[in-house]
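Side chains included, hydrogens not; waters and symmetry mates left out as well; all remaining heavy atoms used.
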Amino acid sequence: MGEWVRKREMWITVNICLYLSFKCISAASIHRSGTCQLQGRFKLNGMYQDGDVILGGLFEVHFFTVFPELNFRTEPEPPYCEKFDMESFQQAQTMVFAIDEINKNPNLLPNVTLGYHLYDTCVSLGMAFRAAISLVSGTEERFSSLNCTGPSPVIGIVGDPSSTPSIAISSVLGLFRVPIVSHYATCSCLSDRKKYPSFFRTIPSDAFQVRSMVQILRHFGWTWVGLLYSDDDYGIYASVSFKQEMQLFRGCIAFSEILPHDNNPKDIRRIIGVIQASTARVVIVFSTSSYLMTLMDEVVVQNLTGRQWIASEAWATSPVFHTSRFLPFLGGTLGIAIRRGEIQGLQEFLLRLCPSNDPKNNMLKIFWENMFSCSFKTGGMAIDGGQVKKVCTGQEDLIITNTPYTDVSGLRAAYNVYKAVYALAHAVHDLMQCEEGSGPFSGNRCADITNLKPWQLVHYLQKVNFTTGFGDHVSFDKNGDALAIYDVLNWQPNSDGSIRVYTVGVVNEGAGNGKVLSLNEDALYWNFQFKKPPRSVCSESCPPGTRQAMRKGLPVCCFDCLPCRDGEISNTTDAIECTACTDEFWSNPDKDQCVPKEVEFLSYEDPLGLSLTTASLLGTCICSLVMVIFAHHRNTPIVRSNNSELSFLLLLSLKLCFLCVLLFIGRPQLWTCQLRHALFGISFVLCVSSILVKTMVVIAVFKSSRPEGKGAMKWFGVAQQRCTVLVLTALQVVICAVWLSTASPTPHKNNQYTRSKIVYECAIGSVAGFSMLLGYIGLLAAISFLLAFLARNLPDNFNDAKFITFSMLIFCAVWISFVPAYVSSPGKYAVAVEIFAILASSFGLLLAIFAPKCYIILLHPERNTKKAIMGRETQNK
């Protein structure tokens, strides 16, 4: 699209240059005479008034230009215009009124009379360029000057209202810095100061208009829209800008069609078919009324309803479509329009208009004939195109008419014309206030009003700053653009069945409160069954908890809604991506909110934790019970023969083993993490070392009963037993102390086991420290098991080595199976596995070693004798 626009601009420029070159070559033959002669006169409709300073004006007073057929044999007839536009003529008369008002104002341009020269461009580039050339070159037949130089006939031009003619005219007149102030040309390309250095406008650029329309789409959630635009610079540039803004808005264009400049019926019907086939319920139109009329006629013929039309400022206020015929189809249309203004005294001025016989003011006659459907041709009755018309007298009364010409209730384009004239007048006034020696031009000179150069006026025009009688501020930015503010219009039914335009909001990019769009939604009229705004989306919005998944090959507005994954959320509608929750949060079931993760640890309230606590306390109670039994029967042979001191020490260590389990249950804290493994390691070393010494004592007792081993017991007295247990336990204490001082276990929140939960556990700190603790216990257990296994067949009737062997077998089996079970268990179950290993090995030792003794003490006291233990009763028998 951009490349096409550049080619179009190049084509226009080349044609203009060729035209000017031809005229320059034609004038060369006359240059020798010292007289500049006008080479030709265009047939143009216009209005004229002389003055000290002349302002030019270009207005589209007719809708169409009819060009004659070219046979290349005779000079072609000049083109002529058709279909008079009352609203545009009102704009031309507004310029006349503004100049008249300025001439009467003693404070603005005193002693200077403004004049005007206005032309009808007939919505045609060719006619507009003819009119512009006529303004800057003048209409005098001859001009006596050696160099054909002199002041410009006009010092500034108001118009053209269309973008394409403005581009063409500014491209040429900008070379001479002729100031042009357009009241309706909105193409954003005209903001390029390098290409159009002397172009100004009192209407905001299309860039602002497009953003305003996108604001409306955003407000109502319309993301799936159709686009129609005219085949001219206004429509093309606006469409390009609109597509760019829609991408930023993440909206999509369902279809994009160019309105043909020749109004080809076949193309019009094809466009209607596209609109009907599309699921888009909102249609954006950037076009002037002349391009749109044929399409709207076809809308009526095809009975195309159920569409929400969005009108650009070029046709949002056009009265052509305000008839009852269009109400069922265009009712409810939303439009962007330039700010409405009020001009005091304009209506009275318009009603005082009279036709003139001056050929330079032939536009007045044309207006009069169209207003009263008459003709100034003499002869009683006039025939025009087969239609008989009455003869105009010039005395007809405008007061009784009711047309867009006399309607001043919604002055928009006319108000812009008013501001443009005053901008030029203020620029001339500021220029005249210059004091010689302090001027802005070279040598601090001022401009000469009697020989004013257009480029000198551009300097002052750029700095214009004034307020209209209506209270609107007028100034230009560095690109010559006006302040960006629009009215939002709504087409509503009138009492007579026609369409009436209401202002329902404002779009103001300079709003101080940051609210660009302000709408009175209660005042809106919707031309739909439920009187509510339509839905126009390719896909319905994705609710919170889901994300958009684009459909392959379709615009971004067409998507499926996929639920967010676990641990991710979306808390807005139409989320593009789901957001991952932070480490300590997880998604709720609806996936629209991050909630704190469930903290998991083995607690006392947990059934598993309660069961293990019960088992721990049960083991502690059993140990206490056994200690009571052994204490009560401490003088019996079975207690004394098994080294009662070591038995009590073993029971104490088993009791500590059972109690250390309680440190593994509950919310991990620093002190519990440090104590649990240390207490566990020391308790089990105390337990296993007691068993080891007990086993060694059994072997020593047996050997001392033989002649060759009588001295064995002197190495295993009570002191040696205590010392051995103390030394073996002290080594474990040293291991624990080094471990706790270098890499102490600490509470740790683990997210690796289950992403939806935080497993609160004790990190061991040092794998080497923990491994040494377990390894030392395993070493002592292995030695105890080996010695007990070797002593299992000693001849005593009650051989403690057998039970120690069995107990150590259980102990080793439990802890060998503990390692893989611990590693593979997730979260709190790893702690449960460790507790289970502690309890299982503790119960194994307790039952294997002390259950047989308690059995004899409590149930068979007759066997609790020295003879029974030594087996002598059996020998006597």
- prompt: Does the side chain of Asp566 come within less than 4.5 Å of Lys591's, by heavy atoms?
  reply: yes
task: Check whether any side-chain N or O of Ser536 sits under 3.5 Å from a backbone N or O of Ala280 as a donor-acceptor pair, and report yes or no.
output: no
- request: To the nearest 0.5 Å, tell me how far Thr572 OG1 sits from Asp592 CG.
  value: 10.5 Å
query: Within the distance-only criterion (no hydrogens, no angle test), does the side chain of Ser744 pair as donor or acceptor with the backbone N or O of Ser741 below 3.5 angstrom?
result: no
field: Results of ring pair (Phe, Tyr, Trp, His ring centres under 6.0 Å) for Phe680 - residues two or more places apart only
entry: Phe684, Trp815
query: Just wondering, do Leu217 and Thr223 contact through their side chains at under 4.5 Å, heavy atoms?
result: no
Under 3.5 Å: donor-acceptor pair, side chain of Tyr604, backbone of Leu662: yes
- prompt: With the threshold set at 4.0 Å, does a side-chain nitrogen-carboxylate oxygen contact exist between Glu540 and Arg535?
  reply: yes
task: May I ask you to decide if Leu845's main-chain N or O and Ser807's side chain share a donor-acceptor pair within less than 3.5 Å?
output: no
message: Quick one, Ser624 and Leu651 - any side-chain contact, counting heavy atoms below 4.5 Å?
response: no
field: Atom pair CD/CD of Gln674 and Gln669 - distance to nearest 0.5 Å
entry: 11.5 Å
task: Check the angle between the aromatic planes of Phe770 and Trp739 and answer parallel, tilted or perpendicular using the 30° and 60° thresholds.
output: tilted
message: Once you measure the plane-to-plane angle for Phe664 and His677, does it fall in the parallel (<30°), tilted (30-60°) or perpendicular (>60°) bin?
response: perpendicular
task: Going by the salt bridge (charged side-chain N to carboxylate O under 4.0 Å, His left out) test, name the single residue among Lys757, Lys597, Lys749 that passes it with Glu584.
output: Lys749
- prompt: Is there a side-chain contact between Ser539 and Arg551, using heavy atoms and a 4.5 Å cut-off?
  reply: yes
task: For Ser570 and Thr546, indicate whether the former's side chain and the latter's backbone hold a donor-acceptor pair under 3.5 Å.
output: yes
query: Would you say the SG of Cys657 sits less than 2.5 Å from the SG of Cys687?
result: no
- request: For the residue pair Cys578 and Arg547, establish whether any side-chain heavy-atom pair is separated by less than 4.5 Å.
  value: yes
query: Can you find a pair of side-chain heavy atoms, one from Ile758 and one from Glu598, that are under 4.5 Å apart?
result: no
